[in-house]
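Inspection log for the structure reproduced underneath, given as structure tokens.
The sequence lines fix the lettering, A, B, ..., with proteins before strands; numbering per chain opens at 1.
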Amino acid sequence: MPLNPSADNLFGLMHQQIMAALKGLQAAGQLPPELRFDGINTEPPREQAHGEVATNAAMVLAKPLGKAPRAVADLLLPTLQQIDGVAAVEVAGPGFINFRFHPAFWHGQLGKILNAGDRYGYLTPLQKGAQKEGKSEKINLEFVSVNPTGPMHVGHLRGAIFGDVLANLLIAAGNQVCREYYVNDAGNQVTVLARSSFLRYREALGEDIGAIPEGLYPGDYLKPVGEALVQQHGRALLTLPEDQMLAIVRPFAVAQMLTLIKADLASLGVVHDIFTSEAGLYEKGGIDKPYQVLEQADLIYRGTLPPPKSKKVSPDWVPGELVLMRSTRYGDDQDRPLKRSNGDWTYIAGDLPNTWQKIERGFDALIVPLGVDHAGYVARFEAAAAALSNGKVRLEAPLTALVKFLENGALKKMSKRGGTFITVAEVIEEVGRDSLRFMMLWRKHNMPMDFDLAAVREQSRENPVFYVQYAHARCCSVFRQAAEAMPQLAQPDLAAADLSLLTEDSVLALIRLLTQWPRLLMAAAVEREPHRIPYYLYEVAGALHALWNEGREETLLRFIQPTDPALTLARLVLVQGVRNVLAAGLAILGVVPVEELRS
RNA sequence: GCGCCCUUAGCUCAGUGGAUAGAGCAGCAGCCUUCUAAGCUGUUGGUCGGUGGUUCAAAUCCACCAGGGCGCACCA
């Protein structure tokens, strides 16, 4: 998707001015009135030698105008040269138009970064209807949603952190986001949980329960549930009929499991706005309403599905007429059963009330990150949302690939029996919350990831978390050092700095890199790709470290110039700008920027 | 058999339809009388899996093929 949002950032602003210039030429009769400007982009060039802002306008317009790109560019140049702040415009390569700005322009940009503080690049939600289409949306982001039949495990980490950071990112990009956890507390597996807990209850009362029977959950994490039941109910549950016992134990056990899960989420720094109970939805009518909606749209019928194509075709599969949802109408490759032959609702049917309640709440988009092992369900989820909303509400299901946990290159086996099982709490304990969050985003979400605990613990350049944190700490250190060396700068008035003193190429290049942040933030949000942020922060950190080291060889390039308070103050603004961008990015990642690295 | 994801430097991976495809690691050669060397500089290394197509322009979009991963119930 070409990304030229309105004047939220330098490139959007330039794009608007270029488009205005083109329309001006059109109005003046120098360009044909029917000429369309689709496909014109305004971007940072990949190489610095190619200028500071580039547009492909001349190449795009060359064909419809029947002229060579360079001839088109020559036609545009006189107008483009008049854009505010532009020092030079040149045509290069196959027909790019490259802009360069006066240093004063970049000083102005740095001033904006300073004023924006550590929220530089963030957009505030606009009033609905007052913004361009698709710009600011009301988004529901359902993530984690671990079944309340057991604690979280490390397989849930990537999805949890991806979802949480995506929410931060979408909010920073000006959207309204609700983080939702859907609690599957109504299905058969919750009854299994209750029976398993009841067994632990009997165990807690001193009974020898022997081996856990097949079909019940064996985990030790249910022992405390049994004990808690004893504390609350004594021996009273033993004599109840099973349905009454289950009516008590089911909600109790679910609540206990949610307590475990929420504790892990809290230590990860993952916060949800609401927890929606499946059982609660069923009390309020459940599937009735969405079923009606589908029926009225003629999306439900009785029919027979072809046999499963899997190699391991289950031997007890028999063809039979079922209640089906016409999900193929919305892009699924097969219609899906809503009712089983025994009359029970299917899994996909069970999720209809969830999707329906979100649609009723008026979201523009429903985002549901899933593990890649659920890839087969994406099409039917998308179809269900489209069907229930008459195609108006878009469901997106980004897939997160598997994470392999390693220790010095050796695979950590996830076997519960082998005793090498690692819990969420252990991973956090091992590497720290901030490193965990950062590194879980150091790959694109749909790429498999090797997570080496030893490498993440390491404090060296090889560890990008550390590298970025070090850059932020270094910024803070400069302020501390300045205060010490130059007492008059202990409380520097950065707004009063004379930024025209910043003249070195490497300094101006760093300012240009910083001005790319708002655009990068928007692109990451639009593409639902939070991993772009740590990569960008790594680049900013590298630029700062490089600049720092220039001062090692050339004293005059150091940030702190004891004999020149004005220059020092101006350079402190640059350092503050770097710090603002790093802090703004780390805040989206949910990582605390450290002020010092001493340990 | 079908569907989804992936294939980019020796390794692990970035890459927004644009100009000479990048980073880290590994390899090689350098920088500490220092605003923290927990860092920096230089350098070696590529038929972007293959073949076609769309386009002024393709690692990027489309089709087909090959290889790898995941999934393929009326279970959750």
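Among the nucleotides B:C56, B:U36, B:C13, the one closest to the side chain of A:K63 is B:C56. The listed nucleotides are B:G39, B:U12, B:C56; the one nearest the side chain of A:R474 is B:G39. Counting only heavy atoms from C-beta on, A:K444 has its side chain closest to B:A14 among B:A14, B:G39, B:G18. Comparing B:G18, B:U36, B:C5 by their closest approach to the side chain of A:N446 singles out B:C5. Comparing B:C56, B:C4, B:C40 by their closest approach to the side chain of A:H545 singles out B:C40. In the set B:G18, B:C40, B:C74, B:C74 carries the atom at the smallest distance from any side-chain atom of A:P337.
Ion pairing of A:E407 with A:R457 is present here, as a side-chain N (NZ or NE/NH1/NH2) and a carboxylate O approach within less than 4.0 Å. Salt bridge annotation for A:R474-A:E596: absent, with no cationic side-chain nitrogen under 4.0 angstrom from a carboxylate oxygen. Ion pair A:E595/A:R579 flagged as a salt bridge, since at least one NZ, NE, NH1 or NH2 atom sits closer than 4.0 Å to an Asp/Glu carboxylate oxygen. Salt-bridge check for A:R394 with A:E396: passed, with a basic side-chain N closer than 4.0 Å to an acidic carboxylate O.
For A:R443, no side-chain nitrogen or oxygen approaches OP1 or OP2 of B:A14 to under 4.0 Å. Contact check, A:H531 against B:G15: a side-chain N or O comes under 4.0 Å of OP1 or OP2. Residue A:S477 has a polar side-chain atom (N or O) positioned under 4.0 Å from OP1 or OP2 of B:U36.
Within the nucleic acid shown, A:N98 comes within 4.0 Å of at least one base atom, counting heavy atoms only. Contacts of A:N188 with the nucleic acid, taken as non-hydrogen atoms under 4.0 Å apart, are absent. Using a 4.0 Å heavy-atom criterion, one finds that A:A379 contacts no nucleic acid atom at all. Nucleic acid contact class of A:P69 (heavy atoms, under 4.0 Å, all strands): none. In this structure, A:P464 reaches neither bases nor backbone, as no heavy-atom distance under 4.0 Å exists between it and the strands shown. Backbone-only engagement by A:A546 is indicated by non-hydrogen atom pairs under 4.0 Å involving sugar-phosphate atoms exclusively. Here A:T346 lies in heavy-atom contact (under 4.0 Å) with sugar-phosphate atoms only. Note on A:W548: a base of the nucleic acid sits closer than 4.0 angstrom, heavy atoms only. Within the 4.0 angstrom heavy-atom criterion, base atoms lie near A:A54. When heavy atoms are screened at a 4.0 angstrom cut-off, A:V378 is found touching no nucleic acid atom at all.
If you take atom P in B:U43 and the same atom in B:G52, they sit 36 Å apart, rounded to whole Å. The same atom, C1', is picked in B:C28 and in B:G69; the two are 36 Å apart, to the nearest Å. The C1' atoms of B:A14 and B:U60 are separated by 13 Å, rounded to the nearest whole Å. B:C11 and B:A26 have their P atoms separated by 15 Å, with the value rounded to a whole Å. Rounded to whole Å, the P atom of B:U51 lies 12 Å from the corresponding atom of B:U47. The gap from the C1' atom of B:G42 to that of B:G3 amounts to 49 Å, rounded to the nearest Å. Going from the P atom of B:A57 to that of B:G39 covers 45 Å, rounded to whole Å. Taking atom P on both B:G50 and B:C25, the two are 28 Å apart, rounded to the nearest angstrom.
A donor-acceptor contact under 3.5 Å links the side chain of A:N56 to the base of B:G18. A donor-acceptor contact under 3.5 Å is not formed by the side chain of A:R532 with the base of B:U16.
At most 12 non-hydrogen atoms from other residues, nucleotides or ligands lie less than 6.0 angstrom from CZ of A:R36.
Counting to the nearest Å, the P atom of B:U55 and the CG atom of A:D38 are 17 Å from each other. Whole-Å rounding puts the A:E527 CD to B:U16 P distance at 8 Å. The distance from atom NZ of A:K404 to atom C1' of B:G68 is 12 Å, rounded to the nearest whole Å. To the nearest angstrom, C1' of B:C4 lies 17 Å from CD of A:E396.
Annotation for A:A172 and A:L521: closest pair CB-CD1, 4.1 Å, computed over non-hydrogen atoms.
When ring centroids are compared, A:Y467 and A:Y538 come within the 6.0 Å threshold. With ring centers used as reference points, A:Y470 lies under 6.0 Å from A:H545.
Between A:Y347 and A:F381, the ring-plane angle classifies as perpendicular under the 30° and 60° cut-offs. Below 30°, between 30° and 60°, or above 60°: for A:Y291 and A:W345 the angle between ring planes is above 60°, a perpendicular geometry.
Residues meeting the salt bridge (charged side-chain N to carboxylate O under 4.0 Å, His left out) test with A:D332, sequence neighbours left out: A:R336.
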Response to the item:
With sugar-phosphate taken as primed atoms, P, OP1 and OP2 and all else as base, the protein-contact string of nucleotides 20-29 of chain B at under 4.0 Å (heavy atoms; B, S, -) is S--SSS----
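A:L489 places a side-chain heavy atom less than 4.5 Å from the side chain of A:L569.
Mapping A:F559 and A:K339 onto RNA chain B by nearest heavy atom places A:F559 closer to the 5' end of the strand. When each of A:M59 and A:E529 is assigned the nucleotide of RNA chain B bearing its nearest heavy atom, the one mapping closer to the 5' terminus is A:E529.
For RNA chain B, if you chain together Watson-Crick or G-U pairs that step i with j, i+1 with j-1 and so on, the runs of at least three with distances under 3.5 Å are B:1-7 with B:66-72, B:10-13 with B:22-25, B:27-31 with B:39-43, B:49-53 with B:61-65.
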